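Note that the structure is predicted; figures quoted are calculated from it, not measured.
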Amino acid sequence: MASTPSPASSPIFIDAESLRATLSHSSLIQHFQTSLPAVSPTLHTPIRQSYAVSSASSLLLMPSWSTSQSSSLPYIGVKLVTHFPQNSRLHSLPGIHASYVLFSSATGQTLATMDGTLLTLYRTSCVSGLASKLLARADSRVLVMVGAGALAPHLIRAHLAARPGLREVIIWNRTQSKAAELAEKLNYELGGGIVSFRSGGEDLDEVIGLGDIVSCATNNADAAPLVKGEKLKPGAHLDLVGSFKENMKECDDAALKRAGAVFADNEAALVEAGELVGGFERGVIGKGEVGLLVELIEGERAGRKDCDEITVFKSVGSAVVDMLAAQFAYEARARK
């Protein structure tokens, strides 16, 4: 981005409507791709703190701050997140709510507070979109979206931005009516005869086999993973977003075993993601076989090697991309 604007005299509040007017999935994907390698070494990002506030609900704290006085990212940022997975069933509310606070790392001044819930949806989906841009086949035509919650439409938009050749999106959800409602909504908003959207019915195994890209955003903590690796088509790219605890997993060991390239958004995934942690324990995959997104961007590790290779990307969330998304939103708003 351009030069950093001078801090406002008083903090600004960036609500959800302002974020939607400022952010786009394509622009944020590009911002992550160009900025992550440069800023990652300058940011101090402790592993996310997670506290159980009930048997099913969590409070998460995600701080980050620049450690270089000459950094192009002169900020301290903290995201406060609540994870209440039962909300959709009990209260017709999203399972995740968040606030983000941005400070100056030079003075400690509060610069902005913003809707962290929507910021999280954008940054999470755009990280997956970036991985899809780098790992999925260029001729990908079918996206399978597993899950129909608040993150699903953002993931769909991010994958479409990353792979504009996609022509069909199949949405699967345990509650079929939710998948049908989302498909209808996206057909109205994005269809226009170029991309078609439909629900995937009851049999997830059949749907998985259709996907050139399979993106998962669920709260699955069942003993049985949702995505069976044997069902993935050759050349598929598997995007795993939902799990962030050891007891949560969206794919089985076979998916990791079949994959020729496995990447994660950051090192926390190696100790938090149920798919990876379980795979390490059972000897399905070694930690050294999992590359990081920044290594993929910089070309330090090879991504897809051929058109039949299965690739996997696992995301658990990162304070670095929170900061980059908040920077993008704050600097765009502060210049107005």
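- Annotation for E267: atom CD does not count as buried by contact number, only 12 or fewer foreign heavy atoms lying within 6.0 Å.
- When the shell of 6.0 Å around CD of Q49 is examined, it contains more than 12 heavy atoms from other residues, nucleotides or ligands.
- If you run side chain to side chain contact (heavy atoms under 4.5 Å, CB included) between C251 and each of V227, L232, I208, only V227 comes through.
- The side-chain hydrogen bond (donor to acceptor under 3.5 Å, both in side chains) analysis of residues 286-302, with sequence neighbours excluded, yields no pairs.
- Heavy-atom contacts from other residues, nucleotides or ligands closer than 6.0 Å to CD of E184 number 12 or fewer.
- Pairs of residues two or more places apart, or lying in two chains, that qualify as side-chain hydrogen bond (donor to acceptor under 3.5 Å, both in side chains) and include a residue from residues 135-145 are R137-D139.
- Around the OH atom of Y188, the shell of radius 6.0 Å holds no more than 12 heavy atoms that belong to other residues, nucleotides or ligands.
- Here the two rings, on H154 and Y122, have centers that are under 6.0 Å apart.
- Residues that satisfy the side-chain hydrogen bond (donor to acceptor under 3.5 Å, both in side chains) test with D203, not counting sequence neighbours, are absent from this structure.
- Using a cut-off of 4.0 Å between Lys/Arg side-chain N and Asp/Glu carboxylate O, E230 and R258 are scored as not salt-bridged.
- Counting heavy-atom neighbours within 6.0 Å of I194 CD1, excluding the residue itself, gives a total of 12 or less.
- Side-chain contact check for L324 versus V39: some heavy-atom pair is nearer than 4.5 Å.
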